[in-house]
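Here's the structure we're looking at; comments come further down.
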Amino acid sequence: MSVGLQRLREEPDAIRKGAIDKREDPALVDAALAADARRRELQGEADGLRAERNTASKSIGETIKGGAKPDGPEVAALRARSTEIGARLAALEAELATIEAQVEDLLLRIPNPAEPDVPVGGEEANVTIRTWGEQLGRVQPVDGEVGADARGGGETWERKPHWDVAEALDIIDLPRGAKITGSGFPVYKGAGAALQRALISWFLDVHTRENGFTEIWPPVLINQASARGTGQIPDKEDQMYVVTRDDLYLVPTAEVPVTNLHRDEILEPATLPIHYVAYTPCFRREAGAAGKDTRGILRVHQFDKVEMVLLERPEVSQQALEWMTGRAEDLLQRLGLAYRVLLMSTGEMGFVQSRKYDLEVWAPGVERWLEVSSCSNFGDYQARRMAIRYRAEKGGKAELVHTLNGSGLALARTVAAIIETYQQPDGSILVPEVLGPYLGLERIEART
RNA sequence: GGAGAGGUCGCCUAGUGGACUAUGGCGCCGCACUGGAAAUGCGGUUCGGGGCAACCCGUCGAGGGUUCGAAUCCCUCCCUCUCCGCCA
């Protein structure tokens, strides 16, 4: 249950194309259709047999009530007939259970097709929708203003990558994180720790006070049903840390617990839209990324993130995606970080999204764009998996909601970009104005 | 973790092997009455699968079992409540 059997039957070509565009196997579509046809056939037969058995059993009861002896020949004959139906049914039910499992498994592996206007292809097909702010160079004039670029002549200094700045200021301790847990588990210290806390608080405050979100503080362990609901299983199962003893997973993102809040629910008309915002630490194994971005905090196993989760009526989900993306952009603008918005191509967008924007912030120390937010519309795909429905009108028929989510924002890379953008020639870091009151500091300096 | 009590349709609730085709109430929807409403009356109201349809099948926390037949009996698990233990 993901794409929906009805749509699968009605427009198999579109689903097949969607799978090809996302570099998944289109043959799954035909396999699922064939299995479903067989399933319906078997179910028809099984239903018929059950109906027979029901009437047969009922007639036994009535015969006994009518005065026949429960152990007499008349009842025995009826009983024999019912037993025989039961035997046939048992065989059929076993077959049916197998085929049902097959259908479900196939459906779980068919990806959500992208919206028609999403570019087809891989990384090269991503489209830059807009950029904001000045893309600073590494070389800066010594007497220039913060954020000013080197423009010919004069003395210059060179920006450092965030790991050098952070190490010198003793605000991030990577070696000790590696000691107590493993590589990719940063320790934030002193003003570094306070900066984490400040960003989390500020993000949550903006979203709750200005953007109308309801704050959620969810569990960071999730069960299998939740992981399946949002699509981490089976698509991203090997990216999650597993607590095998209790059959739980560490959250890879707040999306999972928060979207699953309404799993198996039918929402009444007035309840939509639902806008949640949640902070959680996020845990990712980054399997397959070994040796990539090993320095600094660009790719870590544990990071902090404030996530927006939206449940919307289908007809407004696209515009809700634009709005939500704007909320994330607003944070970057107020932090004074240069960024660009990318419309991700089919090959880059993942299994469950129908449309996805990535926000990439410019980090002038490493001279790279860093993904700090991913804003996606899932259409009804996740909702179908989770059975989240709503009634458009009181007493009306239940329909699937649309789900969306977006980071607002992910911390580690935002912190890297802040450090690299606001570092000063003397090695200190200016604190972005909006964070001043939260941090109680205007500048992070080496402790003497 | 131990002992006990429970989990039935949005909510409350009846139901201890065949008349359950799951009861009744609240809420909700429709109709009638009304200037409009309240109150009242009548009808409808779990969710899902199949079928053009009449209708059929499943669904009483989940999964197994016993039986011709399970909401009802048995087993395992999950959750809630009470008490005990442990504990930030």
Side-chain angles (χ1 to χ4, degrees), chain A residues 1-10 32-104 106-107 217-229 243-249 257 260-272 274 380 383-401:
Chain A
M1 268 209 309
S2 296
V3 158
L5 274 166
Q6 200 184 340
R7 185 165 167 214
L8 207 63
R9 286 184 210 127
E10 282 166 5
L33 284 171
D36 178 55
R38 178 75 184 134
R39 193 212 94 219
R40 279 190 288 172
E41 200 181 309
L42 287 175
Q43 183 157 40
E45 280 182 52
D47 282 356
L49 280 180
R50 281 197 202 99
E52 270 187 65
R53 189 191 60 185
N54 287 348
T55 48
S57 291
K58 196 169 286 183
S59 71
I60 291 174
E62 276 161 11
T63 307
I64 291 170
K65 237 159 227 153
K69 285 193 205 118
D71 51 359
E74 197 181 349
V75 172
L78 284 168
R79 198 170 280 180
R81 169 160 167 64
S82 199
T83 307
E84 191 253 318
I85 295 169
R88 275 198 288 157
L89 186 58
L92 205 56
E93 277 176 338
E95 204 180 336
L96 187 59
T98 308
I99 197 86
E100 273 173 349
Q102 234 174 66
V103 171
E104 193 178 334
L106 287 163
L107 286 176
W217 199 282
V220 297
L221 288 172
I222 48 167
N223 59 30
Q224 211 173 80
S226 297
R228 191 179 305 273
V243 182
T244 50
R245 186 167 177 161
D246 297 288
D247 203 16
L248 297 169
Y249 301 86
N260 273 282
L261 283 173
H262 295 288
R263 173 153 49 87
D264 295 319
E265 289 184 17
I266 298 175
L267 306 167
E268 289 307 316
T271 50
L272 287 183
I274 290 174
D380 64 11
R384 185 173 293 103
R385 288 179 173 230
M386 284 180 279
I388 305 180
R389 290 163 294 173
Y390 79 105
R391 298 186 207 280
E393 294 162 34
K394 261 196 189 294
K397 197 173 151 42
E399 295 173 60
L400 293 167
V401 303

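In what follows, chains are A, B, ... by sequence order, proteins preceding strands, each numbered from 1.
Using a 4.0 Å heavy-atom cutoff across all strands shown, A:Leu78 reaches no nucleic acid atom at all. At the heavy-atom level, A:Ser82 lies under 4.0 Å from the strands shown only through sugar-phosphate atoms.
For B:C28, neither phosphate oxygen OP1 nor OP2 lies less than 4.0 angstrom from any side-chain nitrogen or oxygen of A:Arg391.
Under the salt bridge (charged side-chain N to carboxylate O under 4.0 Å, His left out) criterion, A:Glu100 pairs with no residue at all, not counting sequence neighbours. Every residue meeting the side chain to side chain contact (heavy atoms under 4.5 Å, CB included) condition with A:Arg40, not counting sequence neighbours, appears here in chain and number order: A:Arg9, A:Asp36. With sequence neighbours excluded, the residues that form a side chain to side chain donor-acceptor pair (under 3.5 Å) with A:Arg50 are A:Asp47, A:Glu93. Scored by the side chain to side chain contact (heavy atoms under 4.5 Å, CB included) test, A:Ala392 finds A:Arg313, A:Tyr390, A:Glu399 as partners (sequence neighbours excluded). Under the rule for a side chain to side chain contact (heavy atoms under 4.5 Å, CB included), the partners of A:Glu268 that lie at least two apart in sequence or sit in another chain are A:Arg391. Partners of A:Arg389 by side chain to side chain donor-acceptor pair (under 3.5 Å), not counting sequence neighbours: none found.
Only the P atoms considered, B:G61 is 14 Å distant from B:G6, to the nearest whole Å. Comparing the same atom, P, in B:G63 and in B:C68 gives a spacing of 23 Å after rounding to whole Å. Between B:A14 and B:G4, the distance separating the two P atoms is 23 Å to the nearest Å. Only the C1' atoms considered, B:U8 is 13 Å distant from B:G24, to the nearest whole Å. Comparing the C1' positions of B:G27 and B:C9 gives an interatomic distance of 13 Å, to the nearest angstrom. For the P atom pair drawn from B:C47 and B:U82, the interatomic distance equals 32 Å after rounding to whole Å. Between the C1' atoms of B:U21 and B:C28, the separation comes to 24 Å (whole Å). Rounded to whole Å, the separation between the P atoms of B:C12 and B:G64 comes to 28 Å.
Residues of residues 261-268 of chain A that place a heavy atom closer than 4.0 Å to RNA chain B, in numerical order, are A:Ile266.
Looking at A:Arg38 and A:Glu41, a side-chain N of the basic residue comes within less than 4.0 Å of a carboxylate O on the acidic one, giving a salt bridge.
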Carefully, step by step, assess A:Asp264 and A:Ile388 under the rule side chain to side chain contact (heavy atoms under 4.5 Å, CB included). CA-CA 6 Å; A:Asp264 295 319; A:Ile388 305 180; over 6 Å; no

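Between the NZ atom of A:Lys397 and the P atom of B:G10 there is a distance of 15 Å, given to the nearest Å.
Under the salt bridge (charged side-chain N to carboxylate O under 4.0 Å, His left out) criterion, the residue pairs touching residues 82-91 of chain A are A:Glu84-A:Arg88, with sequence neighbours excluded.
Searching all strands for a Watson-Crick or G-U wobble partner of B:U80 with both distances below 3.5 Å returns B:A5. Checking B:G63 for Watson-Crick or G-U wobble geometry (two distances, each under 3.5 Å) identifies B:C75 as its partner. B:G58 and B:C47 make up a base pair, with Watson-Crick or G-U wobble contacts both under 3.5 Å. The partner of B:A88 is absent, by the rule that a Watson-Crick or G-U pair needs both atom distances under 3.5 Å. Summarising the base pairing, B:G30 is matched to B:C42 through a Watson-Crick or G-U wobble pair whose two defining distances lie under 3.5 Å. In this structure, B:C68 forms a base pair with B:G18, meeting either the Watson-Crick or the G-U wobble geometry with both donor-acceptor distances under 3.5 Å.
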In the 5'-to-3' direction, what one-character label does each nucleotide of nucleotides 49-61 of chain B receive under the scheme B = base within less than 4.0 Å of a protein heavy atom, S = sugar-phosphate only, - = no such atom? BSS----SSS---

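Taking for each of A:Arg389 and A:Ser59 the nucleotide of RNA chain B with the nearest heavy atom, the 5'-most of the two is the partner of A:Ser59.
With hydrogens and angles disregarded, no donor-acceptor distance shorter than 3.5 Å links the side chain of A:Asn260 to the backbone of A:Arg263.
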